[in-house]
Amino acid sequence: MDLLLLDLVIVLAAARLFGALARWLGQPPVIGEIVAGILLGPTLLGPLIGDELFGSEMRPPLQALANVGLVLFMFVVGLELDQKLVRGKGRIAVTVALGSTVVPFVLGCVLALAIAGEHVGGDKTLPFVLFMGAAMAATAFPVLARVLTDRGMQRITLGGLALASAAVIDVLAWTVLAVVVGIAGAGESEGQWKVLLALPYALVMFLGVKPLLARLVPAYEKAGRLTPGLLSLVLLGLIGSAWATEWMHVHFIFGAFVFGAVMPREGAERLNHEILERLEQLAVLLLLPMFFVVAGLNVNLRELDLSSLGTLSAILVVAIGGKLLGSYAAARTQRLPNRQSWALASLLNTRGLTEIVILTVGLQKGVLDDELYSLMVVMALVTTAMTGPLVRRIYPDRRVARDIAEAERAALGVTAAHRILVIVPDPPAEQAPLVGLTTTLALSRSPSEVVLGHLRPYPAGRLEVGSGLSSELAELAETLHDLETLAGSARERGSETRVVSRFSADVAGELPELAAGARADLLVLPAGVPGYAAVRDGAVCRVVTVSLPVPEQAEPWPVAVRYGSGDDAAAHVALTLAMLWNRPLIVTGGNRASALAQRLSKLGVAATAAATPENALVVAADTGSTPEGAHLLVRAEQDPDPVDWAEAVSALRAPAPQP
């Protein structure tokens with residue numbers, strides 16, 4: 001007994017320490033808890049100290065406590081499974097979930113067939129193959145929820161879609177695992193007929209037990225709190241359900257999960273919240289870390305050799321490649337943008353907790369041997385650890401903040417207008433072509449808003465009424481009149497337009513503040529304005545620099561773009577001007593330019609690959625230098641998405657803005 005208590009102290013202390021270290025490193029605590037178990041086991045401590053502290057006589061009581069924690073946790077997972085996640089996202093979520101499950105499942109089965117001779121034999125081959133497929137297809141719903149919550153991504157569409165897809169994957173993975181466990185147990189003396197009771201058990205739980213559990217809600221409301229009697233009934237039902245599935249050789253985790261899934265939902269929010277408060281403290285703080293540490297104790301990396309490293313490499317390729325490619329391909333079939341598709345695939349690649357549960361079942365049922373169990377645990381650690389950094393790389397914090405702001409505006413019923421800020425230089429009366437260009441770019445999106453920004457310089461000395469204030473005010477009034485005339489012409493074309501103009505003693509110093517305060521989606525900036533470099537470098541949105549005077553729209557000149565690698569933003573601006581001004585588009589450059597011209601031509605755009613005509617309005621990518629003869633230099637926004645040319649052409653055609 002004294003050794004058991006000492007083991008508990010060591011296990012819990014190590015779990016808390018390494019869990020906190022993992023959280024400090026930006027990883028889920030489960031990673032640290034599993035690593036703690038690996039370090040406490042034979043991998044680091046070796047057979048002498050490891051066997052002395054966590055020998056064969058100590059493993060059963062530690063495993064028993066860990067299993068109790070797993071029962072409570074699986075009940076919590078079933079209780080927190082929000083069925084509303086899939087509503088409104090059903091088709092996309094199911095499609096992505098199928099792609100994220102089927103591809104790694106098939107690849108896992110193929111890999112299992114290749115290595116089955118080294119790890120299993122005889123009647124274990126079929127359950128081994130199916131089990132490896134299920135293990136490769138798993139996604140850790142709880143760990144995924146934690147990753148999303150840490151970055152606030154559960155509030156945006158991408159996060160909601162990831163949770164919905166993971167919920168469907170969970171159902172598929174547990175279903176396959178139940179079949180595998182049933183097949184694995186079918187060879188036992190009493191297992192053949194008991195497994196057949198799994199389906200009647202599920203029907204009884206959903207059709208019989210679920211209505212009975214609904215009676216807990218009025219009893220809770222009458223008592224006004226979660227009484228010991230009510231909690232005892234829940235625990236009795238939970239443990240009884242877990243015992244039933246274990247007796248049927250379908251494993252106790254399914255009974256715990258199903259009992260959580262059949263708990264009442266309607267009107268039971270407060271009841272379920274109190275149940276979670278009571279059980280999560282015991283399960284998450286005490287017993288569940290015990291489960292992960294014990295899982296790590298079963299890993300012995302000392303016994304791995306070079307052939308094991310080859311198997312590990314194959315496992316990682318199948319697990320990561322299958323998840324990423326399957327999820328990405330399925331997301332793209334649903335027309336999700338490229339960046340969101342990769343981010344979603346990376347999120348669904350996390351395995352962590354769910355994978356460890358599945359692997360533990362395989363080890364207990366004899367489907368996995370110790371070597372393969374150790375390799376699969378390493379795979380679970382790698383795929384979980386890579387999720388956070390990979391998603392942050394694909395979908396940076398700036399994108400998340402932008403999506404959260406859009407979601408909040410949508411929740412408030414506020415339609416976010418596409419805002420374009422154009423810096424109008426002196427004299428404003430001569431800037432009609434510049435404002436006309438800006439208005440055209442604004443009309444490519446709906447709703448849109450044009451902001452005419454202008455700072456009127458005045459001497460830094462103090463202004464006095466008797467020393468020229470009237471003259472300055474007259475100049476400002478004239479400037480405002482010219483700006484309002486420009487704004488009126490933009491409004492006539494259907495664009496909401498407003499003017500921001502004021503005196504400034506330091507135009508170069510204040511212009512970056514004006515640009516930052518506008519929170520524009522597009523900035524149109526003449527190259528010669530004071531403070532140009534500071535405004536351009538400080539902007540996070542797309543920037544169109546006007547380096548040469550813009551020709552009058554009435555002239556029948558074509559639009560030309562110099563196109564190469566990474567020049568999508570420039571080509572998109574050129575396409576917008578060409579289509580909305582009904583001009584031909586000339587794409588100049590190498591093979592990429594020819595390919596783009598052919599692609600746009602197939603979409604019905606008057607686009608050709610040719611040399612730049614002398615009378616063309618020339619658009620080029622802003623690379624920090626000004627190409628000779630370029631009217632517009634375009635710098636992409638921070639973290640740009642690749643342009644979907646078919647979608648861009650379709651958006652420019654409907655509705656068709658009036659020229």
Side-chain angles (χ1 to χ4, degrees), residues 30 34 37 59-60 62-78 101 104-105 108-109 112 119-120 123-143 169-188 191 194-195 198 201 241-260 287-288 290-299 315 319 351-380:
V30 61
I34 297 170
R59 295 288 180 91
L62 290 174
Q63 188 67 60
L65 288 173
N67 286 342
V68 173
L70 186 57
V71 167
L72 295 177
F73 176 75
M74 292 305 299
F75 167 73
V76 169
V77 172
T101 302
F105 179 84
C109 291
H119 298 280
V120 296
D123 58 352
K124 291 291 185 180
T125 301
L126 177 59
F128 171 73
V129 171
L130 295 177
F131 179 86
M132 287 292 289
M136 296 295 184
T139 291
F141 183 89
V143 178
I169 294 171
D170 255 12
V171 174
L172 295 174
W174 294 127
T175 302
V176 173
L177 186 59
V179 173
V180 173
V181 172
I183 294 174
E188 301 177 11
K194 288 182 179 180
V195 173
Y201 155 81
S241 178
W243 168 82
T245 52
E246 181 69 16
W247 178 79
M248 288 182 286
H249 300 283
V250 187
H251 207 273
F252 60 82
I253 62 172
F254 299 105
F257 178 80
V258 170
F259 191 80
L287 297 177
L288 195 60
M290 179 82 61
F291 170 77
F292 292 119
V293 174
V294 171
L297 289 174
N298 293 320
V299 176
I315 289 173
R351 287 175 172 85
L353 187 148
T354 303
E355 184 73 16
I356 298 301
V357 172
I358 292 175
L359 296 178
T360 302
V361 173
L363 185 65
Q364 292 173 351
K365 293 295 182 181
V367 179
L368 290 181
D369 58 19
D370 291 340
E371 178 188 358
L372 202 54
Y373 172 82
S374 299
L375 296 177
M376 293 293 286
V377 168
V378 173
M379 179 272 288

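A137 approaches I169 most closely through the heavy-atom pair O-CG2, 3.6 Å. Closest heavy-atom contact between G108 and M132: O-CB, 3.9 Å. The nearest pair of heavy atoms linking P127 to V367 is O-CG1, 3.8 Å.
Evaluation of the side chain to side chain donor-acceptor pair (under 3.5 Å) rule for S241 yields Y201 as partners, not counting sequence neighbours.
The backbone N or O of M136 lies less than 3.5 Å from a partner atom in the side chain of R351, making a donor-acceptor pair.
Rounded to the nearest 0.5 Å, atoms CZ (F131) and SG (C109) are 12.0 Å apart.
L363 places none of its side-chain heavy atoms less than 4.5 Å from the side chain of L359. For the pair I315 and L372, the minimum side-chain heavy-atom distance is below 4.5 Å.
For the side chain to side chain donor-acceptor pair (under 3.5 Å) condition, the pairs that include at least one residue of residues 367-379, sequence neighbours left out, are H119-D369, S308-E371.
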